[in-house]
Participant: 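Sharing a structure, written as structure tokens. Questions coming.
Proteins come first, then strands; the chains are lettered A, B, ... in the order of their sequence lines, and each starts at number 1.
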Amino acid sequence: MPELPEVETIRRDLEQYILNLRIKKVTAISSKVLRTSLKNLQKKLLNTHITAITRRGKLLIFSLHDEKHHLLIHLKMTGQLIYRTKKFLIAGGHSLGQRIGGLPDAYTRLILTFQNGAELFLNDMRLFAYAHIVDHPTLEKTLSAFGPEPLSSDFTKNYLEIILKKRQTSIKAILLNQTLIAGIGNIYADEVCFAAGIRPDRKASTIKKDGVARLHEAIITILPLAITKRGTTFNSYVDGTGKKGNFVSHLQVYGHGGKPCPRCGTTLQKKKVAGRGTVICPQCQK
DNA sequence: CCTTGTGTTCTCCG
DNA sequence: CCGGAGAACACAAG
């Protein structure tokens with residue numbers, strides 16, 4: 001599940017490699033991931049280049065040289081974006097040009113080929129990921145639906161307090177709500193709640209000022225740490241070059257249901273909160 | 001059956 | 001009965 005730290009890792013990786021590379025070929029293997037026609041995708045991408053890569057929540061925004069259009073890519077649950085140099089793709093030529101690194105593979109849905117022979121693969125096992133081409137007004141409309149970036153100055157303790165105060169739903173539902181805070185998914189929602197000592201199923205409006213402060217601190221500490229560790233590879237996430245992230249060994253509760261709490265040793269409970277599998281330490285989280 | 005991000009649809013309550 | 005919040009469902013494949 002690529003969440004903010006994973007998508008940011010991919011963004012930073014790709015920014016190093018694909019900016020200003022002329023796109024020579026656009027290959028759609030599965031049109032299901034296209035939110036526009038292949039024809040339109042080719043028309044907008046061929047013989048131009050990407051001038052900037054930005055991120056909003058879990059959404060990647062590739063801005064095109066025409067200064068009018070943007071390629072949007074969302075990886076949803078199992079999507080991958082992997083860059084391969086030509087050298088990597090043809091390396092080892094000893095086996096009749098067979099590609100190493102296994103790309104494209106059975107889950108490759110879209111390929112961008114650059115003038116230098118490098119390729120960008122959009123892979124997705126479950127076909128939830130998408131690629132779209134939008135103009136400025138559409139982009140603005142899309143972005144306006146997102147809540148503040150948790151690592152920007154817009155995301156203050158005061159803002160968090162305000163959005164929690166009047167809500168009757170669980171704190172976890174709020175952390176997962178992209179219109180309230182952008183970029184947190186199931187992994188980091190559980191990690192943040194554990195770090196803050198707050199039960200994810202607790203009603204948001206009951207969280208007092210000190211709890212809000214701990215939640216805020218947990219969010220702005222854990223997300224950057226996960227970015228420095230290049231994200232969490234639990235199932236299918238890989239970075240922009242196909243490598244796994246290293247944050248999984250730092251996870252305190254996610255995926256640890258039934259195991260002892262790393263802080264107090266109490267058995268971590270698993271239950272469904274906000275429709276998602278959720279791990280809670282009944283001792284440390286109140 | 002379970003897993004999950006998000007868009008859509010349904011339900012409930014004031 | 002209306003509006004909006006929040007919950008439930010749909011999607012997909014292993």
Participant: B:dG5, OP1 or OP2 - any side-chain N/O from A:Gln178 closer than 4.0 Å?
Facilitator: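 No, outside the criterion.
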Participant: Measure from the ring center of A:Phe114 to the ring center of A:His49 and say whether it is less than 6.0 Å.
Facilitator: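 No, too far apart.
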Participant: Might you confirm whether atom NE2 of A:His256 has over 12 heavy atoms from other residues, nucleotides or ligands at distances under 6.0 Å?
Facilitator: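 Yes, enclosed.
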Participant: Tell me: OH of A:Tyr130 to P of B:dG7, nearest whole Å?
Facilitator: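 Going from OH in A:Tyr130 over to P in B:dG7 covers 6 Å.
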Participant: Between A:Ile184 and A:Leu175, which heavy-atom pair has the shortest distance, and what is it?
Facilitator: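 For A:Ile184 versus A:Leu175, the nearest heavy atoms are CB-O, 3.4 Å.
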Participant: Looking at A:Thr9, A:Asp13, A:Asn246, which one forms a side-chain hydrogen bond (donor to acceptor under 3.5 Å, both in side chains) with A:Arg230?
Facilitator: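 Per the side-chain hydrogen bond (donor to acceptor under 3.5 Å, both in side chains) rule, the option paired with A:Arg230 is A:Asp13, out of A:Thr9, A:Asp13, A:Asn246.
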Participant: Taking any atom closer than 4.0 angstrom to a non-hydrogen atom of chain A, what span of DNA chain C does the protein reach, first nucleotide to last?
Facilitator: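 Endpoints of the contacted stretch of DNA chain C: C:dG6 to C:dG14.
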Participant: Please evaluate the base of B:dT6 for a donor-acceptor partner in the side chain of A:Arg276 within a cut-off of under 3.5 Å?
Facilitator: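 Indeed, a donor on one side and an acceptor on the other fall under 3.5 Å apart.
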Participant: Using the test salt bridge (charged side-chain N to carboxylate O under 4.0 Å, His left out), find all partners of A:Asp201 that sit at least two apart in sequence or belong to another chain.
Facilitator: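 Salt bridge (charged side-chain N to carboxylate O under 4.0 Å, His left out) list for A:Asp201, sorted by chain: A:Arg199, A:Lys271.
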Participant: Please report, rounded to the nearest Å, how far the C1' atom of B:dG7 is from the CG atom of A:Asn177.
Facilitator: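 Whole-Å distance recorded here is 12 Å.
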Participant: Quick check against the 3.5 Å criterion: does A:Arg55 have a side-chain atom that pairs as donor or acceptor with the backbone of A:Ile53?
Facilitator: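 No, because the side chain of A:Arg55 does not come within donor-acceptor range (under 3.5 Å) of the backbone of A:Ile53.
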Participant: Any chance the rings of A:His136 and A:His70 have centres within less than 6.0 Å?
Facilitator: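 Centroid separation for A:His136 and A:His70: below 6.0 Å.
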Participant: For A:Lys272, which contact category applies under a 4.0 Å heavy-atom criterion: base, sugar-phosphate, or nothing?
Facilitator: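 Touches sugar-phosphate only.
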Participant: Indicate the atoms forming the closest heavy-atom contact of A:Ile23 with A:Leu45, along with that distance.
Facilitator: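 Between these two residues, the closest heavy atoms are CB-O, 3.4 Å.
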Participant: Under 4.0 angstrom, heavy atoms only, what part of the nucleic acid is A:Tyr107 near: base, sugar-phosphate, or nothing?
Facilitator: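 If one applies the 4.0 Å heavy-atom cut-off, A:Tyr107 turns out to touch the sugar-phosphate alone, with no base involved.
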Participant: Can you tell me how far C1' of B:dG5 sits from CD1 of A:Ile174, to the nearest Å?
Facilitator: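 Nearest whole value for this atom pair: 18 Å.
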Participant: Starting at NZ of A:Lys76 and ending at C1' of B:dG7, how long is that distance when rounded to a whole Å?
Facilitator: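 My rounded result for the distance is 7 Å.
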Participant: On a whole-Å scale, what distance lies between the P atoms belonging to B:dT9 and C:dC1?
Facilitator: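 About 23 Å, rounded to a whole number of Å.
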Participant: What's the NE2-P distance between A:His74 and B:dG7, to the nearest Å?
Facilitator: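 Whole-Å distance recorded here is 7 Å.
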Participant: Out of the candidates A:Thr206, A:Leu180, A:Val212, only one should pair with A:Leu164 under the side-chain contact (heavy atoms from CB on, under 4.5 Å) rule; please name it.
Facilitator: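 Option passing the side-chain contact (heavy atoms from CB on, under 4.5 Å) with A:Leu164: A:Val212.
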Participant: Can you tell me the distance, in whole Å, between the CZ atom of A:Arg35 and the P atom of B:dG7?
Facilitator: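 To the nearest whole Å, that distance equals 7 Å.
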Participant: What is the separation between atom CD1 on A:Ile73 and atom C1' on B:dG5, rounded to the nearest whole Å?
Facilitator: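 Those two atoms, CD1 and C1', are 16 Å apart.
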Participant: Both A:Ala173 and A:Leu127 contact DNA chain C. Which one's nearest nucleotide lies toward the 5' end?
Facilitator: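 Upstream on the strand: A:Ala173.
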Participant: What is the separation between atom NZ on A:Lys172 and atom P on B:dG5, rounded to the nearest whole Å?
Facilitator: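 A:Lys172 atom NZ is separated from B:dG5 atom P by 9 Å.
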Participant: Select base, sugar-phosphate, or nothing to describe what A:Lys166 touches, counting heavy atoms under 4.0 Å on all strands.
Facilitator: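 Result for A:Lys166 = nothing.
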Participant: Output the residues of residues 232-243 of chain A in contact with DNA chain B, where contact means a heavy atom of the residue under 4.0 Å from an atom of the strand; sort by number or write none.
Facilitator: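 Contacting residues: none.
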Participant: Applying salt bridge (charged side-chain N to carboxylate O under 4.0 Å, His left out), run through A:Glu161 and A:Lys157 and close with a yes or a no.
Facilitator: CA-CA 6 Å; A:Glu161 191 181 353; A:Lys157 240 187 304 188; over 6 Å; no
